[in-house]
Student: 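Attaching a single structure in structure tokens format; questions to follow.
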2 protein chains.
Amino acid sequence: MKKEKVRERIIRVASDLFYKQGYNSTGINQIIAEADIAIGSLYNHFSSKNDLLQAYLIKEELEWFEGFENSTSKISDPKEKLLALIDYRKKLQKTSKFAGCHFIKIVSETGEGNPSVSGFAKLHKEKQKDLIKTLVTEYGAQGQPADTDLIAENIFLLIEGAVVTSTINKQNDSFDQVKKIVQGLLP
Amino acid sequence: MKKEKVRERIIRVASDLFYKQGYNSTGINQIIAEADIAIGSLYNHFSSKNDLLQAYLIKEELEWFEGFENSTSKISDPKEKLLALIDYRKKLQKTSKFAGCHFIKIVSETGEGNPSVSGFAKLHKEKQKDLIKTLVTEYGAQGQPADTDLIAENIFLLIEGAVVTSTINKQNDSFDQVKKIVQGLLP
DNA sequence: GTCTATACTAAGATAGAC
DNA sequence: GTCTATCTTAGTATAGAC
């Protein structure tokens with residue numbers, strides 16, 4: 001494991017703070033303090049706070065799919081993999097103390113104020129939905145055909161609903177109910 | 001229609017800004033400028049920005065249920081009322097240009113930083129879920145019994161998922177798919 | 001109760017020494 | 001490439017005149 005570069009440390013520290021306390025509530029001063037660098041160094045690596053935000057988005061996107069891969073690579077059955085996806089989101093919520101989805105959070109915060117953010121989030125969610133759609137299609141190929149797209153959309157929306165609900169309620173029971181419902185959708 | 005009091009105007013202006021650009025991105029200076037008052041007047045009515053935030057939450061909670069009542073008071077059939085609830089959320093998204101749910105937004109922004117906010121949001125969402133549960137129970141009383149709670153949770157999560165999805169995608173087609181799915185749940 | 005003036009802190013960002 | 005010092009603007013909030 002090679003030494004963490006300064007640039008990587010900045011991204012890691014900033015990402016943590018953006019996620020935990022929000023982008024707008026996190027100041028440059030706090031980032032450099034926790035990363036233990038001078039402000040000149042930060043601006044040597046990033047041209048602006050918004051530049052850091054882009055790096056944050058890219059990092060979280062990458063880690064989301066890496067984390068999913070790590071959690072489910074051993075599972076090949078599509079239905080089991082879908083249930084494992086739900087468990088993955090549930091686990092993310094627990095380990096983050098119900099801090100919520102990075103992308104829903106940042107869109108809620110920046111909204112129209114930063115179009116590149118919502119564009120990035122849109123692509124991210126599309127990839128998640130495609131993942132679900134692929135698994136549902138695989139599942140459908142095993143048994144009887146069905147309205148694949150609608151089932152995929154159904155599962156996607158249930159998971160998104162469970163994520164925001166568990167964020168607000170600070171408890172994960174919504175995911176268990178989603179698993180029960182999905183079991184019913186894929187008999 | 002009686003004249004709008006200063007206090008009410010402050011709340012209205014602040015609420016608009018909090019919703020459209022975010023709480024943390026909205027400064028006191030901007031609020032007093034758009035409300036056309038002096039800063040001394042604002043602090044005569046509200047002890048702090050957080051005090052204004054509480055007024056914002058109460059206002060939006062009230063208006064949400066008032067708006068629902070206005071949109072659906074003529075409908076008595078529970079299934080129709082559930083579908084009208086989906087249309088109501090869809091309409092809110094359209095008229096706000098997909099600004100999202102007030103409560104999901106503010107929780108995303110303040111998170112752990114303001115426990116009274118997440119507590120308020122939790123209660124608000126519980127009321128929404130109770131509304132759905134009541135309607136599903138009414139519906140169940142007409143026909144065959146079913147797992148009422150799970151169906152209510154299912155519908156609730158689908159709607160929450162559709163709201164966040166439509167916020168990110170800036171389009172409302174998720175609601176149409178939710179309606180289709182709910183039609184299937186309530187045959 | 002509404003105003004102006006001001007205090008104090010922090011924000012994001014830049015310049016220039018080393 | 002990392003540092004300190006500094007600029008400018010904006011943040012929330014208070015004091016005190018009218």
Side-chain angles (χ1 to χ4, degrees), chain A residues 2-59 105-106 108-117, chain B residues 2-59 105-106 108-117:
Chain A
K2 69 179 185 182
K3 209 183 115 205
E4 188 185 40
K5 296 279 180 13
V6 175
R7 189 191 148 87
E8 288 160 2
R9 187 166 78 247
I10 297 172
I11 295 178
R12 179 175 53 78
V13 168
S15 296
D16 268 16
L17 292 170
F18 289 167
Y19 184 46
K20 292 295 181 188
Q21 13 174 284
Y23 175 72
N24 288 315
S25 302
T26 301
I28 298 287
N29 293 331
Q30 190 182 9
I31 294 170
I32 62 172
E34 298 204 11
D36 202 34
I37 53 163
I39 188 164
S41 294
L42 190 151
Y43 280 98
N44 185 48
H45 288 283
F46 298 93
S47 66
S48 68
K49 192 186 175 187
N50 186 65
D51 196 19
L52 249 177
L53 174 55
Q54 305 303 320
Y56 166 65
L57 295 176
I58 291 167
K59 173 177 183 278
K105 246 181 100 83
I106 192 67
S108 293
E109 218 180 328
T110 62
E112 295 294 281
N114 201 327
S116 76
V117 169
Chain B
K2 68 180 185 181
K3 210 182 114 205
E4 189 185 41
K5 296 279 180 8
V6 175
R7 188 190 149 89
E8 289 160 0
R9 186 165 79 248
I10 297 171
I11 295 178
R12 178 175 54 78
V13 167
S15 296
D16 268 16
L17 292 171
F18 289 167
Y19 184 47
K20 292 295 180 187
Q21 14 174 279
Y23 175 73
N24 288 315
S25 302
T26 301
I28 298 287
N29 294 331
Q30 190 182 9
I31 295 170
I32 62 172
E34 298 205 10
D36 201 35
I37 53 164
I39 189 165
S41 294
L42 189 151
Y43 281 97
N44 185 48
H45 289 283
F46 299 93
S47 66
S48 68
K49 192 186 175 186
N50 186 65
D51 196 18
L52 249 177
L53 174 56
Q54 305 304 319
Y56 165 65
L57 295 176
I58 292 167
K59 174 177 183 278
K105 245 181 101 83
I106 192 68
S108 292
E109 217 179 331
T110 62
E112 295 294 282
N114 201 327
S116 76
V117 169

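All chains are named by letter (A, B, ...) in the order of the sequence lines, taking the proteins before the strands, and each is independently numbered beginning at 1.
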Student: Is a side-chain N or O of A:Thr110 found less than 3.5 angstrom from the main chain of A:Gly113, in a donor-acceptor match?
Tutor: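 A pair under 3.5 Å: no.
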Student: Is the NZ or CZ atom of A:Lys49 positioned over A:Tyr23's six-membered ring, under 6.0 angstrom from the centre and within 45° of the axis?
Tutor: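 Verdict for A:Tyr23: a cation-pi partner in A:Lys49.
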Student: Using only heavy-atom distances, determine whether the side chains of A:Ser116 and A:Gln54 contain a donor-acceptor pair under 3.5 Å.
Tutor: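 Checked: A:Ser116/A:Gln54 side chains pair up, N/O donor to acceptor below 3.5 Å.
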Student: Starting from P on D:dT12, measure out to CG on B:Asp51 and report it in whole angstrom.
Tutor: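 Distance, rounded to whole Å: 14 Å.
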Student: How close or far is atom P of C:dG16 from atom OH of A:Tyr43, stated in whole angstroms?
Tutor: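 Atom OH in A:Tyr43 sits about 18 Å away from atom P in C:dG16.
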Student: Could you give the CD-to-C1' distance, from B:Glu8 to C:dG1, as a whole number of Å?
Tutor: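 Between C1' of C:dG1 and CD of B:Glu8: 16 Å.
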Student: Nearest whole Å is fine: how far is D:dT2 P from A:Ile31 CD1?
Tutor: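 My rounded result for the distance is 16 Å.
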Student: Find the distance B:Ile37:CD1 to C:dC3:P and express it as a whole number of Å.
Tutor: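 B:Ile37 atom CD1 is separated from C:dC3 atom P by 7 Å.
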Student: Provide a list of protein-nucleic acid N or O atom pairs under 3.5 angstrom, restricted to nucleotides 7-11 of chain C.
Tutor:
unit_1, atom_1, unit_2, atom_2, d
C:dA11, OP2, A:Asn29, ND2, 2.7

Student: When we call it a touch if two heavy atoms are under 4.0 Å apart, what does A:Ile39 touch: a base, just sugar-phosphate, or nothing?
Tutor: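 Base, at least one base heavy atom under 4.0 Å.
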Student: Between the main-chain N or O of A:Lys5 and the side-chain N or O of A:Glu8, is there a donor-acceptor pair closer than 3.5 Å?
Tutor: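 A pair under 3.5 Å: yes.
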Student: What's the NZ-C1' distance between A:Lys5 and D:dG1, to the nearest Å?
Tutor: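 To the nearest whole Å, that distance equals 14 Å.
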Student: C:dG12 P sits how many Å from A:Phe46 CZ, rounded?
Tutor: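 Checked: the CZ to P distance equals 15 Å.
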Student: Is it true that A:Lys105 and B:Glu109 make a salt bridge, defined as a side-chain N closer than 4.0 Å to a carboxylate O?
Tutor: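 Judged by the 4.0 Å cut-off on N to carboxylate O distance, A:Lys105 and B:Glu109 do not form a salt bridge.
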Student: In whole angstroms, how far is the P atom of D:dA17 from the CG atom of B:Asn44?
Tutor: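 Rounded to the whole Å, the gap is 17 Å.
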Student: Working to the nearest 0.5 angstrom, can you tell me the gap between B:Ile10 CD1 and B:His45 NE2?
Tutor: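 Spacing of CD1 (B:Ile10) from NE2 (B:His45) equals 5.0 Å.
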Student: Phosphate oxygens OP1/OP2 of D:dG1: is one of them under 4.0 Å from a side-chain N or O of A:Ser41?
Tutor: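 Result: no.
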